[in-house]
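All remarks here apply to the structure that follows.
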Protein chains: 2
Amino acid sequence: MKERAEGAQVRDRFGFLLKHARERLSAISGPALIPTGINGRELAVLTVLVQGEPPSQLEAAQRLGIDRSTMVTLIDELEAKALVERRPDGVDRRRNIVALTSRGRKTLAAATEIVDAAEREFLAPLSAHDAKRFREMLQVVTFPGPHRARPPR
Amino acid sequence: MKERAEGAQVRDRFGFLLKHARERLSAISGPALIPTGINGRELAVLTVLVQGEPPSQLEAAQRLGIDRSTMVTLIDELEAKALVERRPDGVDRRRNIVALTSRGRKTLAAATEIVDAAEREFLAPLSAHDAKRFREMLQVVTFPGPHRARPPR
DNA sequence: TATTGTTATACTCTATAACTATA
DNA sequence: TATAGTTATAGAGTATAACAATA
């Protein structure tokens, strides 16, 4: 008889699973994004720039959950690729409003399609129903809050 | 009427969700692990060292999906804390077998309990049944393929 | 005084390439 | 020749602290 009950296996750990899940997703989407000239991080920035009102750099950073100093470099890169523009806010001159150029909008559209397809491939081992459940559950454990789940009335 | 159909929101992206899920988990487990003197990465190493046969550094690295050069530093740290020992393999003198010290076993046991509790807190927004399904789905998307969902008899 | 963008800096995690000692 | 461990190095990705301009 082989030894048994060795305690937690590393493959059961969420820390391990989340790390490798991210690696698998980026192994799929990374190469697929190359023709667009942007990576997944830059796509995330473009994505938040068109959600609601065009944000300042600080607001964009907050939407992504990163520091404002990190956003500086990201915007620098995207501006160097002519995908976004910094426009001084007319009302508060400390702020830069960041907006997509027309080239930025085209790149966003193309990259969005590619990442949608990459996510479908990532989720391929699950049925359509399970994939939907999985996304919902991942959202709720990532951002638990009074929103969804069950509000303690 | 407000603008509609703006395309993918960043909060729906798996890349974004997986990143922040990992951040939430480590915000819970990181501080909780401090009293043990190790972090989650080191716990993962201790965990693979007691799975099956005591591995060489290379085997341990393969079990974790990291490079053997990265494992060197990890083992250095754990050895400096007297939690593991390098023992030259009697048969193949190129290899180091890495084994836990008794202090390493105690630390592993304590840290495992702490991380189990952290995972329960991480999963608290889900019912017990959903938490189980979530883990299974995360495993299958992370390591798809001809997988044994149950150990072969 | 407080906030925004910026810069300088540093830290974590990781990989690649080259070296050494064995095989 | 090939492999295991090691070392040196580099590259993402990120944050913190301090500064200038502006509020």
Side-chain angles (χ1 to χ4, degrees), chain A residues 15-16 18-27 29-31 33-34 38-45 49 53-80 84-99, chain B residues 15-16 18-27 29-31 33-34 38-45 49 53-80 84-99:
Chain A
F16 180 77
L18 291 170
K19 176 192 172 202
H20 287 277
R22 245 189 124 189
E23 279 173 4
R24 176 167 174 252
L25 178 58
S26 92
S29 59
L33 279 173
I34 290 174
I38 62 171
N39 59 31
R41 212 161 139 249
E42 294 168 324
L43 172 58
V45 176
L49 293 182
E53 292 303 305
S56 67
Q57 292 185 198
L58 179 59
E59 287 160 351
Q62 288 166 342
R63 290 178 189 180
L64 282 176
I66 63 177
D67 192 80
R68 70 190 199 276
S69 65
T70 303
M71 183 58 66
V72 172
T73 315
L74 250 7
I75 300 293
D76 284 348
E77 284 169 17
L78 291 168
E79 201 167 40
V84 306
E85 262 180 5
R86 285 171 160 105
R87 300 185 194 144
D89 182 326
V91 179
D92 181 344
R93 287 179 355 233
R94 291 172 306 185
R95 308 168 82 234
N96 290 333
I97 300 301
V98 187
Chain B
F16 181 77
L18 291 170
K19 176 192 171 202
H20 288 277
R22 243 188 126 191
E23 279 174 3
R24 177 167 173 252
L25 179 58
S26 90
S29 59
L33 279 172
I34 289 174
I38 62 170
N39 59 33
R41 215 161 136 247
E42 295 167 323
L43 172 57
V45 176
L49 294 182
E53 292 302 307
S56 67
Q57 293 185 197
L58 179 59
E59 288 160 350
Q62 288 165 341
R63 290 178 189 180
L64 283 176
I66 63 178
D67 192 81
R68 71 191 200 274
S69 65
T70 303
M71 184 57 65
V72 173
T73 315
L74 250 6
I75 301 293
D76 285 348
E77 284 169 17
L78 291 169
E79 201 167 40
V84 306
E85 263 180 5
R86 285 172 160 104
R87 300 184 194 145
D89 183 327
V91 179
D92 182 344
R93 286 180 354 235
R94 291 171 305 183
R95 308 169 82 236
N96 290 332
I97 301 300
V98 187

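None of the values given here were measured: they were computed from a predicted structure. When reading the values below, keep in mind they use all heavy atoms of this one structure, side chains included, and skip hydrogens, waters and symmetry mates.
- Atoms OG1 and CE, from B:T73 and B:M71 in turn, are 10.0 Å apart once rounded to the nearest 0.5 Å.
- Rounded to an integer number of Å, the gap from A:L58 CG to D:dA23 P is 16 Å.
- Distance CG (B:D76) to P (C:dC13): 15 Å, rounded to an integer number of Å.
- Side-chain to base pairing of B:S69 with C:dT14: no donor and acceptor N or O lie closer than 3.5 Å to each other.
- Dashed line: the shortest gap from a side-chain N or O of B:K19 to OP1 or OP2 of D:dT14 is under 4.0 Å.
- The shortest side-chain heavy-atom distance between A:P54 and A:V98 does not fall under the 4.5 Å cut-off.
- B:I97 places its CD1 atom 16 Å from the P atom of C:dT22, with the value rounded to the nearest Å.
- One atom, CG of A:D67, and another, P of C:dT7, lie 15 Å apart when rounded to the nearest Å.
- When each of A:V72 and B:D89 is assigned the nucleotide of DNA chain C bearing its nearest heavy atom, the one mapping closer to the 5' terminus is A:V72.
- Look at B:R93 and you won't find any side-chain N or O under 4.0 angstrom from OP1 or OP2 of D:dT3.
- Distance A:I75 CD1 to D:dT14 P: 14 Å, rounded to the nearest Å.
- Annotation: side chain of A:K19 is in contact with side chain of B:I66 (closest heavy-atom distance under 4.5 Å).
- Counting only heavy atoms from C-beta on, B:I66 has its side chain closest to C:dA15 among C:dA15, D:dG5, C:dT4.
- Within 4.0 Å (heavy atoms only), B:V98 reaches no atom of the nucleic acid at all.
- The separation between B:R68 atom CZ and C:dA21 atom C1' is 13 Å, rounded to whole Å.
- Mapping A:L74 and A:V91 onto DNA chain D by nearest heavy atom places A:L74 closer to the 5' end of the strand.
- Of the two residues contacting DNA chain D, namely B:Q57 and A:N39, the nearest-nucleotide position lying further toward the 5' end is that of B:Q57.
- In this model, the phosphate group of D:dT14 is approached by a side-chain N or O of A:R41 to a distance below 4.0 Å at OP1 or OP2.
- Between the P atom of C:dT14 and the CG atom of B:L64 lies a distance of 9 Å, rounded to the nearest Å.
- In the set D:dG5, C:dT7, D:dA15, the nucleotide with an atom closest to the side chain of B:S56 is D:dG5.
- Note that CG of A:L78 and CD of A:E42 are 5.0 Å apart. Values are rounded to the nearest 0.5 Å.
- Looking at heavy atoms from C-beta onward, A:L18 lies out of side-chain contact with B:E23 at the 4.5 angstrom threshold.
- In this structure, the separation between CZ on A:R41 and CZ on B:F16 is 14.0 Å, given to the nearest 0.5 Å.
- Taking atom CZ on B:R86 and atom C1' on D:dG5, their separation rounds to 8 Å, with Å as the unit.
- Residue B:N96 is in sugar-phosphate contact alone, with no base atom involved, counting any heavy-atom pair closer than 4.0 Å across all strands shown.
- Side-chain atoms of A:R94 come within donor-acceptor range of the base of C:dT3, with a qualifying N/O pair under 3.5 Å.
- Residue-level contact check: A:D92 touches the backbone only, with heavy atoms under 4.0 Å from sugar-phosphate atoms and none from bases.
- Within the 4.0 angstrom heavy-atom criterion, only backbone atoms of the sugar-phosphate kind lie near A:R95; the bases stay farther away.
- The phosphate of C:dA15 has OP1 or OP2 within less than 4.0 Å of a side-chain N or O from B:T70.
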